[in-house]
Amino acid sequence: MPELAEVEFYRKQWLCGLQQRILAVELHSQARVLRGTDTEALRAILTGAVLLGSEAHGKQMFFRFSRKGFLGLHLGMTGSLRVQPPGSPAGRHDHLVLRQLKQSLAFTDPRQFGRVRFHAGDTPPPWRANLPAPILSSQFTRGAMEQFLRRHGGQPLKAVLLMQDGFPGIGNWMADEILWRAALHPERRPGQLNGGEMKQLYRQVRFVCRGAMRTVGAGVGSLDGEFGDPPAAWLFHRRWSKGGNCPRDGSVLLRAEIGGRTTCWCGSCQV
DNA sequence: TACAATGTTTTAAG
DNA sequence: CCTTAAAACATTGT
């Protein structure tokens, strides 16, 4: 499930383990989420290390440890970060569990489209470098967004919004929410947008990210928390099941595969 | 049963 | 080299 704000929510779940030592590391070394990762180094270095800090960037999370350890986590489609009692046994899909004195920090991912990466050393890992401008940062300007859209001027808007190089953190529901608010049909091509439409798109990209962070991403980790709902007037609440209505004009919402993903939009107000 | 699921990555084709 | 489309990945829930 996780997009921008859900990722931030899950990152915060592990904050309760800050400044505390990892006493033991449990992992499924053959799990697909650990592909390409040196699990022996991960275990050797993180055992005894202290969790020092973390940050989220789009759908990626980075955790920094003492002993020069860096952990990179991506939640894929079904991943989550949980906090469990210190002695609770690892579940079938808990592919990485960091045992601390007061709690266990678990990375869970049934479907395993997510990823766990590890790096140790003085320099930051290569997968931590050259990240795109965060949408809510000052570097994400209207000019930068329009330049990215022009580079993919022939793809449907929906597909371009899902590209993490240009819109880090946007996922399927946020892309639909943005296009609905901007009153733009998901099949529209960036190349044919006029100035006013571009401005509206930029505004709604930022609005939806900010609104999601404020609602969905709120709340600091307690034992097994759940994230909040977006505002009641958002498309989000109508888009999942067939037969939903447009919150704006009541039309029955349409559904089709666009840009390789199921897309939901209002046929009367998105043109 | 069969299909769809808030996501990338790889492969193939143009 | 670049873009686009399709397939692949693994599991669960409807």
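Residue numbers begin at 1 in each chain, while the letters A, B, ... track the order of the sequences.
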Colleague: Out of A/F62, A/F63, A/F9, which one pairs with A/W14 under the ring pair (Phe, Tyr, Trp, His ring centres under 6.0 Å) rule?
Modeller: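 It is A/F63; the other options fail the test.
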Colleague: What's the CD-P distance between A/E257 and B/dT6, to the nearest Å?
Modeller: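 For the pair A/E257 CD and B/dT6 P, the rounded distance is 10 Å.
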Colleague: Looking at every strand, decide which applies to A/T262 at a 4.0 Å heavy-atom threshold: base, sugar-phosphate, or nothing.
Modeller: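 Touches sugar-phosphate only.
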Colleague: Once you round it to whole Å, what is the distance between C1' of B/dT8 and CD1 of A/I170?
Modeller: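 Spelled out: CD1 on A/I170 to C1' on B/dT8 is 16 Å.
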Colleague: State whether a side-chain donor-acceptor pair under 3.5 Å links A/R181 with A/Q204.
Modeller: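 Note: A/R181 and A/Q204 side chains meet the donor-acceptor criterion.
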Colleague: Strictly by modelled atom types, are A/Q103 and A/Q100 linked by a side-chain donor-acceptor pair under 3.5 Å?
Modeller: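 Side-chain D/A pair, A/Q103 to A/Q100: present.
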Colleague: Between A/H74 and B/dT8, is there a side-chain N or O to OP1/OP2 distance below 4.0 Å?
Modeller: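 So the side chain of A/H74 is within the cut-off, an N or O lying under 4.0 Å from OP1 or OP2 of B/dT8.
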Colleague: Using only side-chain N and O atoms of A/R111, determine if any of them is under 4.0 Å from OP1 or OP2 of B/dT8.
Modeller: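 Result: no.
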Colleague: Rounding to the closest angstrom, what is the interatomic distance between C/dA7 and B/dC3 at atom P?
Modeller: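 After rounding to an integer number of Å, I get 14 Å for this pair.
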Colleague: Is there a donor-acceptor contact under 3.5 Å linking the side chains of A/R99 and A/S104?
Modeller: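 Their side chains do contain a donor-acceptor pair, which is all the 3.5 Å distance test asks for.
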Colleague: Just to be sure I follow the notation: if a pair is Watson-Crick (purine N1 to pyrimidine N3 plus N6-O4 or O6-N4) or a G-U wobble (N1-O2 and O6-N3), each under 3.5 Å, what dot-bracket string does DNA chain B give, with | for pairs to another strand?
Modeller: .||||.||||||||
Colleague: Which nucleotide in the list B/dT6, C/dA10, C/dT11 gets nearest to the side chain of A/R32?
Modeller: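 Among B/dT6, C/dA10, C/dT11, the one nearest the side chain of A/R32 is C/dA10.
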Colleague: Considering only NZ, NE, NH1 and NH2 on the basic side and carboxylate oxygens on the acidic side, decide whether A/E257 and A/R255 come within less than 4.0 Å.
Modeller: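 Looking at A/R255 together with A/E257, the answer is no, because their closest N to O distance does not fall below 4.0 Å.
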Colleague: For A/Q155 and C/dT3, is the shortest distance between a side-chain N/O and OP1 or OP2 below 4.0 Å?
Modeller: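 Indeed not, no polar side-chain atom of A/Q155 lies that close.
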Colleague: Identify whether any heavy atom of A/R35 sits under 4.0 Å from a base atom; if not, whether one sits that close to sugar-phosphate; answer base, sugar-phosphate or nothing.
Modeller: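 If one applies the 4.0 Å heavy-atom cut-off, A/R35 turns out to touch nothing in the nucleic acid.
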Colleague: When you check the phosphate oxygens OP1 and OP2 of B/dT6, does a side-chain N or O of A/R261 lie under 4.0 Å from one of them?
Modeller: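 Answer yes for this pair, as a side-chain N or O of A/R261 is under 4.0 Å from OP1 or OP2.
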Colleague: Nearest whole angstrom, please: distance from the C1' of B/dA4 to the CZ of A/R255.
Modeller: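 My rounded result for the distance is 12 Å.
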Colleague: Could you give the NE2-to-P distance, from A/H93 to C/dA10, as a whole number of Å?
Modeller: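 To the nearest whole Å, that distance equals 13 Å.
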Colleague: A/F113 CZ to C/dT12 P: how many Å, rounded?
Modeller: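 That distance rounds to 12 Å.
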Colleague: If hydrophobic clusters are built by linking Ile, Leu, Val, Met, Phe, Trp and Tyr wherever their side-chain heavy atoms come under 4.5 Å apart, do A/F236 and A/F207 end up in the same one?
Modeller: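 Same cluster: A/F236 reaches A/F207 through Ile, Leu, Val, Met, Phe, Trp or Tyr contacts under 4.5 Å.
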